[in-house]
Amino acid sequence: MENPTPRQDRSGLLPLCFFLGMLWGLGAGQIRYSVPEETSKGFFVGNISKDLGLEARELVERGVRIVSRGKTQLFALNPRGGSLVTAGRIDREELCETVSSCFLSMEILVEDTLKIYGVEVEIIDINDNAPSFREEEVEIKVSEHATPGSRFPLPSARDLDVGPNSLQSYQLSPNSYFSLHVRGGADGVRNPELVLEGGLDREKEAAHHLLLTALDGGDPTRKGTIPIRVVVLDVNDHIPKFTQSVYQVSVPENLSSGTRVLVVNATDPDEGTNGEVMYSFRNMESKASQIFQLNSKTGEVLVQGPLDFEKYRFYEMEIQGQDGGGLLTTAKMLITVLDVNDNAPEITITSSINSLLENSPPGSVIALLNVQDQDSGENGQVSCFIPNNLPFKLEKTYGNYYKLITNRELDREQIQSYNITLEAKDQGSPPLSTEAHLLLNVADDNDNAPVFSQYSYSAYIPENNPRGASIFSVTAVDLDNKENAQVTYSLLEDTIQGVPISSYVSINSDTGILYSIQSFDYEQFQNLQLRVAAYDSGDPPLGSNVSLSLFVLDQNDNIPEILYPSTPTDGSTGVELAPRSAEPGYLVTKVVAVDRDSGQNAWLSYCLLKASEPGLFTVGLHTGEVRTARTLLDKDALKQSLVVSVQDHGQPPLSATITLTVAVADSIPEVLADLENLASPANPDESGLTLYLVVAITAVSCIFLIFVIALLALRVRRWHSSRFLQAAGSGLAGVPPSNFMGVDGVQAFLQAYSHEVSFTADSRKSHLIFPQPNYADTLISQESCGKSEPLLVDSDTTLAKYDPTNNQQAPPNTDWRFSQAQRPGTSGSQNGDETGTWPNNQFDTEMLQAMILASASEAADGSSTLGGGAGTMGLSARYGPQFTLQHVPDYRQNVYIPGSNATLTNAAGKRDGKAPAGGNGNKKKSGKKEKK
């Protein structure tokens, strides 16, 4: 039986084991340690951090761990001391039952670098097992006629320890009949035998009791005993004999239960029960007894349990044959288990990542895996591979470890994740394979800038759009993910007419919708050029920009503006003169209007809405010319009121109206006589004031006419005197010719200052204006040059300056008179110089209208003292003798009129219905010479 020994007796072996283990580790290519068996949990094995070249604290920081590969973990890492310790009780006999040298292999993984280090730990045997016998008692039958020297096999003892601690010797209790002999086998196993030393006498002693002791070589020595009972039998002459002393057979590991392995046979020539041989296993291990079964009568050896090459590759058993007389013999049976490719390769993913950043350099490690096959030979040779169409490859590192790495950069925008299939296949026949799947997500990197759907955008917006309204939207797409795909829109800084673009348009930074901040005006600008930028939220952000053209569409939002005739600021209406002698088609005036809109919205048409006397006047649809429709009659009223409408072609159309007052008269007095009838006072008080002003202006005009007539009479009288003529020839040499004007062959002296009388019909007030003199084309006397210019010049003062004794009236000079082509008319009656200047304010326009009315009346009755020839209309006194209406620019020139293929131009003769008179006045060359 076992004799337990105290644990403290083994403490002397520990330092020696540590020292030997360290020496072994230093001399090998990998890290090696040794540890005695049966140590407690946490027992120090080795300083792994030092052997790995790391500090103790780095074990946790760098993720150093033991790769278990599915087996029970016997060792652990102590992160505090950086050492390798035991994780529990280690029993060498359980781990390495029949192997003399017990090594345990493990792998140490450094997680951050994915490096594998191999570690071997030798389990040092201690004498913790005593020799033992399977049987509790052995009975041996010996014939009394057995000859001395006969040998009888005894059961062998078993010691699970190895080396010196294993079974070393046997001892037999002393007796005079038997001795002990130990026979060594080929495999080094000691088999005890009982040797008969002398003759037996059954009649003296029928049974002998012996004690067999098995001893190991440990310190202290452990032993096991078994009692032996020798029974002396009657005579049995023959011992059974096996046909083979050793039976050998090889069987595949995949044999099914109940399969016959072999048949043993022993023969005995005796008769009866002495010749019947019974078979049984002898000294059989417990594991073999669970797998094999022996038929005691037939000698058939059957398989009753599964064979596993990976666990037990060889079985050695002893078979005993015994006859009925008690004689027995033994034979060995050796069974070799052949490997069959019955184990598929195993893939163990030791370490892996589930996400890898796109654009990572080739060679980035994704996983570390271990491939193994429990079969042997070709059946255990494993190859591992992945599909060729994936951007990955396997690289072998240490032993059966592989690294899964990338062989090119990944692009998340093309493939967002990979389901990697790892396949391992052995070389058996047929080959077995296994698969493992690894899911790898490609993490996004900000490598794509936002891209607009178009290279440029254009949008059309009607003017007068409401503020804050959505006008357009742009969209940019970023192929990245999450924050790298969040696009923010903005407008690039720019200015329009000196104003920042952000004052007109804003953009929603999230949606890309553009909103108008102001209402657009087509007349202010027709288009806006913007640049929209789109940036993602990556780090660093990427962006792009695109041009956007916003075209403002014109709307009919401007009423036609009437340039001529202009409305006086005091609310009165301008007066146009139409002589009673005018023929049908006579051009009375022309309405000039413009529209700030464009296109169809600026096409203007004219029409006569209302007339005091229908059928008397017509208005050109496209020209705006007011002409007589028939011959004027005496019964026609002096005052003709016309309401002219100017309308554009927009949708809806807009229009403006102007009221024209046409005076039908041949002379100014005729107009003045009926002037009271023209007035239309707004209220009684203002009507009386207007009446007083008209009477005052009439009185002043009469005084002025009387003065002019008296002056003319005086001149005529002196003209008949030769003395006065001679005096005039010498005294008027220094007087400018422009101070004398001829009327119907009579010379008269006129001042360089002009008197302008403006009469307005339907006005609250009438006014008399004495403007500044115009010296453009008039020679001024030395006396007048040295004085200030009065607003109103007294005729008596002027006459007092004249000395009739020193001046003689010269004959009139007809060279200064206007030709027929140079006569001024109403707007559009002359082919004037296009570079002339139209009166640029309402004051000048009103004065011009009044002068036209007064001068036309004076020329009609022959009493005009303002002179200047036909067609001058008395304008020379203000603008000089070379001023005609041809110098007044017509705003209708170069204006397109819908429905007409001509532009608005002036044409001499349209007013009078005849061709212009001969002369240089209507020629452009002469016109250029007459320009100021």
Side-chain angles (χ1 to χ4, degrees), residues 133-135 137-158 178 181-187 189-196 200 212 226 228-251 255 258-304 314-337:
F133 294 92
R134 292 185 180 276
E135 298 84 358
E137 183 181 6
V138 177
E139 183 182 41
I140 300 176
K141 296 179 180 181
V142 181
S143 175
E144 63 178 339
H145 291 165
T147 61
S150 299
R151 297 172 180 264
F152 303 94
L154 297 175
S156 298
R158 182 187 178 192
F178 299 96
H181 176 75
V182 179
R183 178 172 54 85
D187 53 356
V189 177
R190 292 179 174 86
N191 298 313
E193 293 179 341
L194 187 64
V195 180
L196 181 63
L200 297 176
L212 179 64
I226 184 174
I228 300 174
R229 179 172 178 268
V230 180
V231 177
V232 180
L233 300 177
D234 197 6
V235 176
N236 186 9
D237 298 331
H238 297 89
I239 300 174
K241 184 178 182 180
F242 283 98
T243 56
Q244 298 179 17
S245 61
V246 177
Y247 291 90
Q248 294 184 355
V249 66
S250 297
V251 294
L255 287 180
T259 305
R260 187 176 65 179
V261 176
L262 55 86
V263 177
V264 296
N265 185 25
T267 59
D268 190 335
D270 293 331
E271 296 181 355
T273 58
N274 294 331
E276 296 179 357
V277 180
M278 302 296 293
Y279 303 97
S280 63
F281 285 116
R282 178 186 175 91
N283 298 330
M284 187 177 185
E285 297 180 356
S286 60
K287 292 181 180 179
S289 63
Q290 298 175 1
I291 297 175
F292 299 100
Q293 180 183 6
L294 177 62
N295 191 317
S296 61
K297 295 181 178 181
T298 62
E300 291 182 340
V301 179
L302 305 177
V303 175
Q304 65 176 3
F314 180 78
Y315 295 93
E316 181 178 356
M317 294 170 287
E318 189 174 8
I319 299 176
Q320 172 181 288
Q322 184 175 2
D323 58 17
L327 299 179
L328 55 85
T329 184
T330 59
K332 282 188 176 182
M333 183 176 66
L334 304 178
I335 300 177
T336 302
V337 180

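What you are looking at is a predicted structure, and each value in this text was computed from that prediction instead of being measured.
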Return the minimal non-hydrogen interatomic distance between [X] and [Y], and the atom names on each side.
X	Y	result
I226	E135	CD1-O, 3.2 Å
V195	H181	CG2-CB, 3.6 Å
S156	N191	OG-OD1, 3.2 Å
P155	V138	CG-CG2, 3.2 Å

Between [atom1] on residue [X] and [atom2] on residue [Y], distance to nearest 0.5 Å:
X	Y	atom1	atom2	result
K241	L327	NZ	CG	14.5 Å
E137	I228	CD	CD1	10.0 Å
K332	Q244	NZ	CD	14.5 Å

With heavy-atom distances below 4.5 Å as the criterion, would you say the side chains of [X] and [Y] are in contact?
X	Y	result
P192	L212	yes
V246	Q248	yes
F242	I319	yes

Open item on the list: Can you list everything that forms a side chain to side chain contact (heavy atoms under 4.5 Å, CB included) with Q320? Sequence neighbours excluded, please.
Closed with: S280, R282, Q322, L328, T330
- [ ] With sequence neighbours excluded, tell me which residues meet side chain to side chain contact (heavy atoms under 4.5 Å, CB included) with T243.
- [x]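 Listed in chain order: Y247, N265.
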Open item on the list: Restricting to ring pair (Phe, Tyr, Trp, His ring centres under 6.0 Å), what partner residues turn up for F292, sequence neighbours left out?
Closed with: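 Here the qualifying residues are Y315.
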Task: For F281, ring pair (Phe, Tyr, Trp, His ring centres under 6.0 Å) partners two or more places apart - done: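 By the ring pair (Phe, Tyr, Trp, His ring centres under 6.0 Å) rule, F281 matches no residue at all.
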Open item on the list: According to salt bridge (Lys or Arg N to Asp or Glu O under 4.0 Å), does anything in residues 295-304 pair up with another residue at least two apart or in another chain? List the pairs.
Closed with: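 Listed by first then second residue: R260-E300.
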- [ ] Please test V264 against L294 for side-chain contact (heavy atoms from CB on, under 4.5 Å), starting from the C-alpha separation and ending with a verdict.
- [x] CA-CA 9 Å; V264 296; L294 177 62; 4.2 Å; yes
Open item on the list: Within a 6.0 Å radius of atom CD1 on I239, are there more than 12 heavy atoms belonging to other residues, nucleotides or ligands?
Closed with: no
TODO: Please report the C-alpha distance between L154 and I140 in whole Å, then the side-chain angles of each, then the deciding distance to 0.1 Å, and finally whether the side-chain contact (heavy atoms from CB on, under 4.5 Å) criterion is met.
DONE: CA-CA 9 Å; L154 297 175; I140 300 176; 3.3 Å; yes
Task: By salt bridge (charged side-chain N to carboxylate O under 4.0 Å, His left out) - contacts of R151 (at least two apart) - done: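 Here the qualifying residues are E193.
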Task: From CA spacing to verdict: side-chain contact (heavy atoms from CB on, under 4.5 Å), T147, L196 - done: CA-CA 7 Å; T147 61; L196 181 63; over 6 Å; no
TODO: Would you check if the side chain of D268 reaches a backbone N or O of V277 as a donor-acceptor pair within less than 3.5 Å?
DONE: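 Answer holds: no.
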TODO: Given side-chain contact (heavy atoms from CB on, under 4.5 Å), test N295 with Y279 step by step and report yes or no.
DONE: CA-CA 7 Å; N295 191 317; Y279 303 97; over 6 Å; no
